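Everything on this sheet refers to the single structure shown next.
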Amino acid sequence: MTMKKQLLYAILTAILAGVVTYVTQAMSGWPIPACAGNGLTYICFICWACYFVCGCNVKGAINWFLSMAAGVVAGILMFVLTFAFQGAMGYLLAVSVAVVILVIFMMFYDRVKLSGAGVFVGTGLFFSLNAAGALTTFTVSDYLLVGGTELLYAAIGLVAGWLTIWFSSLVTRTKGGQ
């Protein structure tokens with residue numbers, strides 16, 4: 001890629017980053033009221049980078065998204081098991097046991113053609129949303145709202161990754177098919 005084309009590509013990507021930042025900051029954590037004012041832009045940028053990890057194509061992005069959804073389910077189950085165990089063993093040990101149990105199952109997601117990395121990213125981001133105060137009541141509806149929000153921001157990031165590759169192909173096209 002020539003310097004001129006690379007500059008154009010860099011400018012287009014920078015503008016896209018600005019748009020993603022603006023839109024997601026304006027969303028202000030929506031639809032999670034607990035995260036209002038605590039933008040979830042970081043999820044978009046993590047998933048934007050993940051687009052490149054998953055192969056830079058739509059098929060890989062769909063698999064990554066489904067893998068993250070499986071990670072959200074694993075995260076929810078970790079919370080459920082933690083609450084089930086903590087009365088008998090205390091919170092710290094309960095969390096650790098829940099993680100051990102769920103990670104065993106997470107390691108088999110590749111058998112159903114999901115990305116192990118995507119599953120772990122989905123679980124990690126679900127826990128980061130809890131740390132941001134998104135989980136307030138630990139109910140089924142709370143879990144679904146937080147998980148759905150994570151996947152919404154993940155989708156924005158994956159689309160941004162797709163657009164980045166599209167910008168590259170747009171900029172590097174040559175006249176006359178050469």
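Keep in mind it's a predicted model, so treat the numbers as computed, not measured. Along the sequence shown, the residues carry numbers beginning at 1.
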Check: Which is it for Met78 and Val100 under the side-chain contact (heavy atoms from CB on, under 4.5 Å) test, yes or no, and what are the steps along the way?
Finding: CA-CA 9 Å; Met78 284 177 191; Val100 167; over 6 Å; no

Note to self: Give me each pair satisfying side chain to side chain donor-acceptor pair (under 3.5 Å) with a member in residues 43-59, each pair once, sequence neighbours excluded.
What the structure shows: Trp48-Thr164

Next item on the list: Can you run down the ring-ring contact (aromatic ring centres under 6.0 Å, His included) pairs that involve residues 56-82, sequence neighbours left out, and say none if there aren't any?
Entry: Phe79-Phe126, Phe79-Phe127, Phe79-Phe138

Next item on the list: With sequence neighbours excluded, give me every side chain to side chain donor-acceptor pair (under 3.5 Å) pair touching residues 102-114.
Entry: none

Check: Ignoring hydrogens and geometry, is there a side-chain-to-backbone donor-acceptor pair from Ser28 to Gln25 under 3.5 Å?
Finding: no

Item checked: Heavy-atom pair of closest approach, residues Leu125 and Cys47 -> CD1-SG, 4.3 Å

Item checked: Shared-cluster residues of Leu92, by chain and number - hydrophobic side chains joined below 4.5 Å -> none

Next item on the list: Locate the shortest heavy-atom distance separating Leu81 from Ala98; write the atom from each residue and the value.
Entry: CB-CB, 3.7 Å

Next item on the list: Could you tell me which non-hydrogen atom of Glu150 sits nearest to which non-hydrogen atom of Val121, and how far apart they are?
Entry: OE2-O, 4.3 Å

Item checked: Closest contact, heavy atoms only, Ser168 versus Met1 -> OG-CE, 4.1 Å

Margin query: Looking at every heavy atom in both Gly161 and Phe52, which two are closest together, and how far apart are they?
Written below: O-CZ, 4.3 Å

Notebook entry, point to check: Partners of Asn63 by side chain to side chain contact (heavy atoms under 4.5 Å, CB included), sequence neighbours excluded?
Noted result: Ser67, Leu114, Ser115

Note to self: Apply the hydrophobic cluster definition, ILVMFWY joined by side-chain contacts under 4.5 Å directly or through others, and give me every member besides Leu144.
What the structure shows: Val140

Next item on the list: Heavy atoms only: give me the nearest Leu135-Tyr143 pair and the separation to one decimal.
Entry: CD2-CD2, 3.8 Å

